[in-house]
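Ligands are counted one by one from 1 in listed order, and the atoms in each one are counted from 1 as well. Here the structure is a predicted model, which means the values were calculated and not measured.
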Amino acid sequence: MKILVLGSGAREHALVLALRSDSERHEILAAPGNAGIGRHATLVDVDMLDPRAVTEFAQENDVDLVVIGPEAPLVEGVADALRERGIPAFGPGKQAAQLEGSKAFAKRIMQNAGVPTGRATHAHTIAETVAALDEFGAPYVVKADGLAAGKGVIVTDDRDAALAHAETYLPKGSVLVEEFLSGPEVSLFFLSDGDTVRPLTPAQDFKRALDGDEGPNTGGMGAYSPLPWLADRFGSVQGFVDEVTEQIAKPVVRELDRDGSPFIGLLYAGLIITEQGVRVIEFNARFGDPETQIVLPRLTTPLAGLLMAAANGTLEDEPAPSFRDDVAVTVVLASEGYPASSVTGREITGLDDAESIEGVHVTHAATAHDGDRLIATGGRVLNVVALGSTFAEARERAYAAIDRIGLEGGQFRTDIAARVA
Ligand code: AMP
Ligand code: GLY
């Protein structure tokens, strides 16, 4: 198969690596990619945000399948444009991508589908925001309605800070004031062809910048999979997966279809397990980052076949995705200053040395070549991914590997998966 992967992060690097590990040999192209992706795919110069450019490129180059990594091209309608020309695309169209692009749209779909989520008020003015904050009480949760590059959500005990957050986003649209939910968070991915839904395996992301879940929210500083502790509450990890599939993923996909916007691609359920049961915090319309980096290395079913079947509406005919018993841990190395700002252009060293550790590989998030040097070009620079037969082993490998990597001012969390090890 000839596959074009759109995106330039560690998630896309993980997708490319997983496609590469299929027993069938694929020709893989990536746009724009990064230095790490360039080792495993041919980088091509196509503007991934331009539906026409992507479609023309795919047609001219006989691409069999386009896999859309990030949300921005989805919201731009790249998947719609491809499907209009009969090119298989893994990723929802513009309308279904509103499940991620608009928190208000997502709430409406959830309400219609009867899916458990926090109570929320959609506020358009400061007065409505104040009324909702006082109705729900502290801790306050305020979310920008549209895409906000991971900065749209505030959870705080400080009513003034909650109001200030709303004041930032109200001029650009509306906000959602939500009831505070408490409990462990789980990310669960589903492949969907618009009708059939197939779960992958649960993962946990560490969203705060600092150890002990302190500091500001980030794109995610690390993750691990599977989540053995789910068995305490749900009998088994599979029991949890089955419950979320039946009560959340299937009803949402059915509702989107009824709404005239079938969901073809990756449905990411961001869940919180409260005392009262599982609740949806958010949906994303794409693979999660960094969860993908630890979910896909555990996948034993060939990925290209699954993505193609989702794109073609034939997921029902495919085997259910299965996963190896090995556990996986990933630790993100970020630039100095991340997430507030990021010092870029610094040299990265020691990757070969890090990858020589058994069970370890590195996925690149923001890297480029500068002559002979490899340099950091963004906030989250790379992830170390380690597999092991136990979490203690995987953690030991991941942290031994990150210690071998040089990046001046580089920062990482030291407590990823510590509680399960
Ligand atoms: P989101 O962008 O919606 O995933 O929100 C970012 C983070 O804010 C989540 O991962 C949660 O940790 C937190 N969060 C969002 N909504 C709530 C809520 N209703 N109650 C508690 N925490 C929340
Ligand atoms: N890991 C969070 C996200 O991908 O949105």
Problem - Side chain, backbone, both or neither: the part of E185 lying under 4.0 Å from ligand 1 by heavy atom - result: side chain

Practice task
Name all pairs fulfilling the side chain to side chain donor-acceptor pair (under 3.5 Å) condition that reach into residues 224-235, sequence neighbours left out, sorted by first residue then second.
Solution key: Q204-Y224, Y224-W229, S225-R298

Practice task
Would you mind telling me if ligand 2 is within reach of the side chain of F287, the backbone, both or neither, using heavy atoms under 4.0 Å?
Solution key: neither

Practice task
Answer yes or no: does an N/O atom from D205 fall short of 3.5 Å to an N/O atom of ligand 2?
Solution key: yes

Practice task
Say whether G288 and ligand 2 are in contact under the criterion: heavy-atom distance to a ligand atom below 4.0 Å.
Solution key: yes

Problem - Least distance between heavy atoms, V16 atom then A41 atom - result: CG1-CB, 4.0 Å

Completion exercise
A student checking ligand 1 against K143 at a 4.0 Å heavy-atom cut-off should list atoms 3 (O), 15 (C), 16 (N)

Handout entry: From T314 atom OG1 to M308 atom CE, the distance as rounded to the nearest 0.5 Å
Key = 8.5 Å

Exercise for the section: Show which atoms of ligand 2 fall inside a sub-4.0 Å distance from at least one heavy-atom site of G219. Expected result: 1 (N), 2 (C)

Exercise for the section: Please verify whether a non-hydrogen atom of K103 lies at under 4.0 Å from ligand 1. Expected result: yes

Handout entry: L99 CG to L267 CG distance, which is reported to the nearest 0.5 Å
Key = 6.0 Å

Exercise for the section: Quick one: look at R11 and ligand 2, take heavy-atom pairs under 4.0 Å, and tell me if it's side chain, backbone, both or neither. Expected result: neither

Practice task
List every atom of ligand 2 that sits less than 4.0 Å from any heavy atom of N284, numbering the atoms from 1 in the order shown and giving each element.
Solution key: 5 (O)

Practice task
Give the numbers and elements of all ligand 1 atoms closer than 4.0 Å to a heavy atom of F180.
Solution key: 20 (N), 21 (C)

Show me the donor-acceptor pairs, under 3.5 Å and distance only, between side chains in residues 176-183 and residues at least two apart or in other chains.
unit_1 : atom_1 : unit_2 : atom_2 : d
E178   : OE1    : K107   : NZ     : 3.0
E178   : OE2    : K143   : NZ     : 3.4
E179   : OE2    : R119   : N      : 2.7

Completion exercise
E178 heavy atoms within 4.0 Å reach ligand 1 at atoms 16 (N), 18 (C), 19 (N)

Problem - CZ on R413 to CG on L210, rounded to 0.5 Å - result: 7.5 Å

Handout entry: Polar contact flag for L181 and ligand 1 (N/O pairs, less than 3.5 Å)
Key = yes

Exercise for the section: Please say whether N217 places an N or O atom under 3.5 Å from an N or O atom belonging to ligand 1. Expected result: no

Practice task
Answer yes or no: is there an ion pair linking E282 with K103, defined by an N-O contact shorter than 4.0 Å?
Solution key: yes

Problem - Closest protein heavy atom (residue, atom, distance) for atom 5 (O) of ligand 2 - result: R286 NH2, 2.9 Å

